[in-house]
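What follows is a short report on a single structure.
Every chain is numbered from 1, with letters handed out A, B, ... down the list of sequences.
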Amino acid sequence: MITFAFYLFAVLITGLFLVTVMSKNVLYAMTSLAAGMVLISGLFFILGADFLGVVQLIVYVGAVMAVYAFAMMFFDLSRDVKERHDNPWLIFLLGGGIALTLVVMFAAPIMGEAVHALYPPEEGATNPQAVGLVLFTKYLLPFEVASVMLLVAMIAGIILAGKKMEISLSAMDEDILPDTKENA
Amino acid sequence: MITLNHYLILSGLLFAIGLVGVVRRKNLLMLFFATEIMLNAANLAFAATSSYYHDLTGQMFAFFIIAVAASEVAVGLGLLILLYKKYGSINLDDFTIMKG
């Protein structure tokens, strides 16, 4: 049953992400990306990483995709994007080659059996409990640094996107909204 | 029986898809989508390794990757909006100012 679920999820994720990479329509790309992320959280649940799966659902599918959806409103993306490609096969060759090299580099320690378990899960603890035990003891400092980083990112987002927010970009070249032009 | 290698091969495949997207895309928003795919592939590899070696370190790193991805989206989209206000486009070909 788990084998069937893995292959089903693997095929669906690969197909959806291929749509994301190949599609000309931004809305299709974003929707298939969100669906692929939901299915990846399904793989996390199969792996027994329950808390990670829930975080993936909340943060990626809930927050990140919502931010992308809001950002889409700023850009004129209702029509298909036009992209110039000089040599499409070279791109596949380069992308695949670089990815293969990186994967071999990072998989080499696993092949050499040089990976040892440093923090095995506590006996009798559920996955969220075990994650909390490790996160708030061994990884407390990175956790705090990550929180500071998120604060910095929030301030940066507000400052960058909020500048001159009172000037409407979409109404700038049109005469439908004369009030905006006068105020600007 | 699904082994660790199955997950690592799937993760490598997804990473390759994301990297092809990064090389191929000229629209900056679509390029961001491709980076998200690469981050997700790394997360999947971390979670699979963590599960099969009975070690929680992989899941910890996956959490930090998710935090980094969230901040990357916030800052990146802010910069993207500034670029769009300046040039009126988010196509990479329109930002080519060096002629050679």
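Across every non-hydrogen atom of B/K85 and A/A161, the tightest pair is NZ-O, 3.9 Å. Considering all non-hydrogen atoms of both residues, A/G96 and B/V20 come closest at N-CG2, 4.1 Å. Of all heavy-atom pairs between B/L44 and A/F44, the closest is CA-CE2, 3.8 Å.
Using a 4.5 Å cut-off between heavy atoms, B/M38 does not touch chain A at all. In this structure, chain A has a heavy atom under 4.5 Å from the side chain of B/L14, while its backbone stays farther away. For B/L92, no part lies under 4.5 angstrom from a heavy atom of chain A. For A/L94, no part lies near chain B; criterion is any non-hydrogen pair under 4.5 Å. Only the side chain of A/Y60 comes within contact range of chain B, with heavy atoms under 4.5 Å apart. A/A156 touches chain B through its side chain: at least one heavy atom from C-beta onward sits under 4.5 Å away, while N, CA, C and O do not. At a 4.5 Å heavy-atom cutoff, the contact between A/L102 and chain B is made by side-chain atoms alone. Both the backbone and the side chain of A/F17 come within contact range of chain B, each with at least one heavy atom under 4.5 Å from a heavy atom of that chain. Of the atoms belonging to A/V67, heavy atoms from both backbone and side chain fall under 4.5 Å from chain B. In this structure, the portion of B/F61 lying under 4.5 Å from any heavy atom of chain A is its side chain and not its backbone.
Options A/A146, A/G48, A/G157, A/S23 differ in how many heavy-atom pairs under 4.5 Å they form with chain B, and the most are formed by A/S23. Ranked by heavy-atom pairs under 4.5 Å with chain A, the list B/V75, B/V73, B/L82, B/I37 is led by B/I37. Most heavy-atom pairs under 4.5 Å with chain A: of the set B/L19, B/V23, B/N40, this distinction falls to B/N40. Taking B/N43, B/L13, B/V22 one by one and counting their heavy-atom pairs under 4.5 Å with chain A, the maximum is reached by B/N43. Among B/L29, B/D93, B/L39, B/L77, the residue with the largest count of heavy-atom pairs under 4.5 Å with chain A is B/L77. Your options are B/S71, B/A67, B/G21, and the one with the most heavy-atom pairs under 4.5 Å with chain A is B/S71. Residue with the most contacts toward chain B among A/V55, A/I13, A/V131: A/V131 (heavy-atom pairs, distance under 4.5 Å). By number of non-hydrogen pairs under 4.5 angstrom with chain A, the leading residue of B/A34, B/A48, B/S50, B/S89 is B/A48.
Ring to ring, A/Y68 and B/F33 are close: their centroids are under 6.0 angstrom apart.
Listed by first and then second residue, the ring-ring contact (aromatic ring centres under 6.0 Å, His included) pairs that reach into residues 18-42 of chain A come to none, sequence neighbours excluded.
Of the inter-residue distances, the one linking A/M30 atom CE with B/E36 atom CD reads 12.0 Å to the nearest 0.5 angstrom. Atom CD1 of residue B/I65 and atom CD of residue A/Q56 lie 11.0 Å apart, to the nearest 0.5 angstrom. The distance from the CG atom of A/L160 to the CG atom of B/L80 is 11.0 Å, given to the nearest 0.5 Å.
Annotation: side-chain hydrogen bond (donor to acceptor under 3.5 Å, both in side chains) contacts of B/T57 (sequence neighbours excluded): B/D55. Legend: residues meeting salt bridge (Lys or Arg N to Asp or Glu O under 4.0 Å) with B/R25, ordered by chain and number and at least two apart, are A/E83.
Residues A/V145 and A/V59 do not share a hydrophobic cluster, defined by chaining ILVMFWY side chains whose heavy atoms lie under 4.5 Å apart. Hydrophobic clustering keeps A/L135 apart from A/L133 (ILVMFWY residues linked when any side-chain heavy atoms are closer than 4.5 Å, directly or through intermediates). The same ILVMFWY cluster, assembled from side-chain heavy atoms under 4.5 Å apart, contains both B/M30 and B/Y87. Residues A/V148 and A/I159 are members of separate hydrophobic clusters, defined by side-chain heavy-atom contacts under 4.5 angstrom among Ile, Leu, Val, Met, Phe, Trp and Tyr. B/I81 and B/L79 fall into different hydrophobic clusters, where Ile, Leu, Val, Met, Phe, Trp and Tyr residues are linked whenever their side-chain heavy atoms come under 4.5 Å apart, directly or through other members.
The environment of CZ in A/F45 is crowded: more than 12 heavy-atom neighbours from other residues, nucleotides or ligands sit within 6.0 Å. The number of heavy atoms from other shown groups lying within 6.0 Å of CZ (A/F143) does not exceed 12.
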Steps toward side-chain contact (heavy atoms from CB on, under 4.5 Å) verdict (A/K138, B/L56): CA-CA 11 Å; A/K138 187 65 191 173; B/L56 283 172; over 6 Å; no
Walk me through it: do B/F63 and A/Y139 pass the test side-chain contact (heavy atoms from CB on, under 4.5 Å)? CA-CA 11 Å; B/F63 287 129; A/Y139 288 95; over 6 Å; no
Could you walk me through whether A/L47 and B/Y7 pass the side-chain contact (heavy atoms from CB on, under 4.5 Å) test, one step at a time? CA-CA 10 Å; A/L47 284 167; B/Y7 279 99; 3.7 Å; yes
Test side-chain contact (heavy atoms from CB on, under 4.5 Å) on A/T3 and B/M1 and set out the steps. CA-CA 6 Å; A/T3 313; B/M1 189 61 203; 5.7 Å; no
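B/H6 has its side chain within reach of A/Y7: a pair of non-hydrogen atoms, C-beta onward, lies under 4.5 Å apart. Between B/Q59 and A/V134 the shortest side-chain heavy-atom distance does not fall below 4.5 Å.
One N or O on the side chain of B/R24 and one on the backbone of A/V21 form a donor-acceptor pair closer than 3.5 Å.
Residues of residues 34-43 of chain A having a heavy atom under 4.5 Å from any heavy atom of chain B, listed by number: A/M37, A/I40, A/L43.
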